[in-house]
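This report refers to the structure that appears directly beneath it.
So you know, we letter chains A, B, ... as the sequences are listed, proteins then strands, and number each from 1. Since this is a predicted model, take the numbers as computed values, not measurements.
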Protein chains: 2
Amino acid sequence: MDQPSKPIPTIQQVARAAGVARSTVSRAFTRPDMLNPATVARVMEVAAALGYAPNQVARALSTGRYGNIALIVPDVANPFFPPLIRAAEARADDAGLCVFLGDTDEDPAREDRLIGKLAAQVDGFVLASSRLAEDAIRAHRGRRPIVLVNRDVEGLDRVLIDSASGTAAAVRHLHDLGHRRIAYIGGPPSSWSNQQRRSAVLRAAEDLGVTAVEVAAQRPSYEGGVAAAPAVLSARTTAAIAFDDLVAQGLLAGLAGLRIEVPAAFSVIGCDDVLGARTYPPLTTISSRSNDAGRTAIEILLDQLSSGVSRGAAHVLGTELIIRATTASPGPARPI
Amino acid sequence: MDQPSKPIPTIQQVARAAGVARSTVSRAFTRPDMLNPATVARVMEVAAALGYAPNQVARALSTGRYGNIALIVPDVANPFFPPLIRAAEARADDAGLCVFLGDTDEDPAREDRLIGKLAAQVDGFVLASSRLAEDAIRAHRGRRPIVLVNRDVEGLDRVLIDSASGTAAAVRHLHDLGHRRIAYIGGPPSSWSNQQRRSAVLRAAEDLGVTAVEVAAQRPSYEGGVAAAPAVLSARTTAAIAFDDLVAQGLLAGLAGLRIEVPAAFSVIGCDDVLGARTYPPLTTISSRSNDAGRTAIEILLDQLSSGVSRGAAHVLGTELIIRATTASPGPARPI
DNA sequence: TTGAAAGCGCTACCAT
DNA sequence: ATGGTAGCGCTTTCAA
């Protein structure tokens, strides 16, 4: 089985065969309105006969417009990103753009290298949850249009998921159910999202007169959630809001392992809605619609690309509480 | 906020800054062995300082090689794919290649269009679980090297995940635990994977003298799994092997809803290992290491690219049983 | 070991 | 309305 190998015709051959200049062939493809219709027709005919199609690479080199964009994420396998990637890809595709995907493996150096490598063949970047230092981001911004997702850098275009609104609703939901002592299981202290969620829980709790205690998950992972179960219980809380769905899922498992029934004996709320209704019981969670974030980021980038101007604005997306089956009124007090 | 203006450094600037010719810079990146090590070092240093990376587009125009490949999947959000994508991306990146990602949304027409659009700027394709008709695949194969994943087209390079081995091990595991009547919860009848798994279960069961009954999941999804729970019980089986982890997870939930304890009263085995240990109880499953498939596909493509020849061979990847906590000896018989 | 220069295929500016 | 031509950034002979 050998490799494919039919020779590809160039603009030159079409020009020769049609008896015109290369520039005329070029125009027939890019600005037909500038040409005599008869000429266009003849050129196109010859081109078709020869099986000619403009070489995108040569065109890109000449125009500096690539028809490509790059989407960079820290970890494709983190369930937060696939919906975002999918939506971004779909939107970009609609606009006729091809998308490069970069996985930085959570490593800033790798992210930096990736961006540098891609910079010469894309019209712009979407950086999701970038781990880069702010000045590194700004430096790249000096070369190519960039839209950030979940990263708040002043003066850059960015789409931010405002978990505060959904989080407040979650606390209210718990309060309405009768909970008066709840836990927040935190994520990475340096994470923008975590800071947001944490302070939103604290504030809402205070407003409603419920006590909020903070429990740190060793790591923002399933395992971290499992490990948080005893702490949450010994803090005598009756409900917990977790940094994200993975932590919540772990907490569910940890609780089950301790023979605590959810939601009868304890209520759990996740964040991000990446699990759908696939936990048991189906997880009540704060949806952050990462797909919307992906689509929106592309739209902002498209706008930036066509207008040639960056608004440098924060585009914030609301969140909402999705009530499923891990929340209920607190059961009778139980011994520690 | 205006558009970026700082230019991307070219080979020329690096040459000037390093006090050498452009060709020397070029060689420092492509054939460092041809140069004085000291020169290479200096050039690389300057390049790094300037943030220079070779322009793939210009390089492509000159060499005819793009330094890009495309990875096409039916649905980024299907948990089977992210690990595959991640591994493929990592391997390609190691080889210095950039990767385009295409999501076909399970639509053959879209897949076809995507491939056509990308063909002009990639050296080759990896098509994962392609939904294209065989002749469409062959047609594209005529233009660009292609490696298939989970699609068995004679004469093309392909990596196939052989679930048969792991499935047989699963049946044996169940048999050893004392199960004598098990269920297979099927997936899409037209799916190559499902056919494989189904027949493997049936064959292994027959060999071991266990009765296997087939239960169709309405859909190969979490919901399908939930819905299969009553059927599995009324068939008086004591264990089930599900088409994939999602179905298994659904079954777990369905069983829990019916107050059947897993694994005490019923054993469940999934397939693909996309959930890790994140179910409760942690799911025993047949690992299909989709990440290996992704990495392997890239390696085959790289080989094809460098040798200029396609072996047209099937590369089959074994699977193995990962025993976690959803399997145990059957409990006492229970009334329906 | 390094430099100079000719393209790769196309676009866009300047002429005509 | 059309032709001529100078690059776009890089690789790759050919010389030195």
Side-chain angles (χ1 to χ4, degrees), chain A residues 6-44 46-47 50-68 116-123 143-144, chain B residues 5-44 46-47 50-68 96-98 119-123 306:
Chain A
K6 212 181 330 170
I8 296 176
T10 74
I11 201 173
Q12 181 65 279
Q13 336 215 18
V14 178
R16 190 140 37 208
V20 298
R22 293 183 314 179
S23 40
T24 301
V25 178
S26 175
R27 282 189 276 254
F29 279 87
T30 51
R31 318 278 318 260
D33 48 299
M34 282 182 66
L35 259 36
N36 185 318
T39 310
V40 175
R42 185 156 38 90
V43 169
M44 295 312 262
V46 171
L50 264 48
Y52 168 82
N55 180 323
Q56 293 297 338
V57 171
R59 174 178 286 184
L61 185 58
S62 175
T63 60
R65 300 206 65 254
Y66 302 89
N68 300 145
K117 195 164 100 175
L118 253 11
Q121 46 183 339
V122 302
D123 296 319
R143 307 183 182 293
R144 286 280 184 257
Chain B
S5 46
K6 210 187 321 173
I8 293 181
T10 74
I11 201 172
Q12 180 66 278
Q13 336 213 15
V14 178
R16 191 140 37 207
V20 299
R22 294 182 316 182
S23 42
T24 300
V25 177
S26 174
R27 282 189 275 254
F29 278 86
T30 52
R31 317 279 319 261
D33 49 298
M34 283 183 64
L35 259 36
N36 185 319
T39 310
V40 175
R42 184 155 40 91
V43 169
M44 294 312 261
V46 172
L50 263 48
Y52 168 81
N55 182 325
Q56 294 291 350
V57 171
R59 177 179 281 183
L61 185 58
S62 177
T63 62
R65 305 199 65 250
Y66 300 90
N68 299 326
L97 299 173
C98 298
Q121 43 184 339
V122 302
D123 296 318
S306 62

Check your understanding: Between A:L35 and A:T24, does a side-chain contact (heavy atoms from CB on, under 4.5 Å) hold up when you go through it step by step?
Key -> CA-CA 8 Å; A:L35 259 36; A:T24 301; 3.9 Å; yes
Review point. Under the side-chain contact (heavy atoms from CB on, under 4.5 Å) criterion, do B:Q56 and B:R59 qualify, and how do the steps go?
Key: CA-CA 5 Å; B:Q56 294 291 350; B:R59 177 179 281 183; 4.0 Å; yes
Practice item. Take A:V122 and A:Y66, measure what side-chain contact (heavy atoms from CB on, under 4.5 Å) needs, and give me the verdict at the end. Key: CA-CA 6 Å; A:V122 302; A:Y66 302 89; 5.7 Å; no
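In this structure, A:Y66 does not reach the D:dG9 phosphate: none of its side-chain N or O atoms is under 4.0 Å from OP1 or OP2. Note on B:S62: every side-chain N or O is 4.0 Å or more away from OP1 and OP2 of D:dT12. Within the 4.0 Å cut-off from OP1 or OP2 of D:dG3, not a single side-chain nitrogen or oxygen of A:S23 is found. Between A:S26 and the phosphate of C:dT11, there is a side-chain N or O to OP1/OP2 separation shorter than 4.0 Å.
Which of D:dT12, D:dC10, C:dA4 sits closest to the side chain of B:A21 comes down to C:dA4. Side-chain proximity of A:A58 to C:dT2, C:dG9, D:dT2: nearest is C:dG9. Closest to the side chain of A:R27, out of C:dG3, D:dG9, D:dT2, is D:dT2. Among C:dT11, D:dG4, C:dC10, the nucleotide with an atom closest to any side-chain atom of A:N55 is C:dC10. In this structure, the nucleotide among D:dG3, C:dC10, C:dC8 sitting nearest to the side chain of B:L61 is C:dC8. Here the side chain of B:V20 is nearest to one of C:dC10, D:dC10, C:dG3, namely C:dG3.
The interatomic distance linking B:I8 (CD1) with D:dC10 (P) rounds to 10 Å, in whole Å. Atom CZ of B:R65 and atom P of D:dT11 are 12 Å apart (whole Å). Rounded to a whole Å, the CG atom of A:L35 is 5 Å from the P atom of D:dT2. Atom CG in A:D33 sits about 14 Å away from atom C1' in D:dT2, given to the nearest Å. Atoms CD1 (B:I11) and C1' (C:dC8) sit 15 Å apart, rounded to a whole Å. What separates CZ of B:R22 from P of D:dT11 is a distance of 11 Å, to the nearest Å. One interatomic measurement links the two molecules: NZ of A:K117 to P of D:dG9, which rounds to 20 Å at whole-angstrom precision. B:L50 places its CG atom 15 Å from the C1' atom of D:dG9, with the value rounded to the nearest Å.
Using a 4.0 Å heavy-atom criterion, one finds that A:Y52 contacts the sugar-phosphate atoms exclusively.
Between B:L61 and A:A58, the closest heavy-atom pair is CD1-CB, 3.7 Å.
For A:Q121 and B:N55, the side-chain atoms include no donor-acceptor pair closer than 3.5 Å.
Residue-to-nucleotide proximity on DNA chain C shows that, of B:T63 and B:V40, the 5′-proximal contact is made by B:V40.
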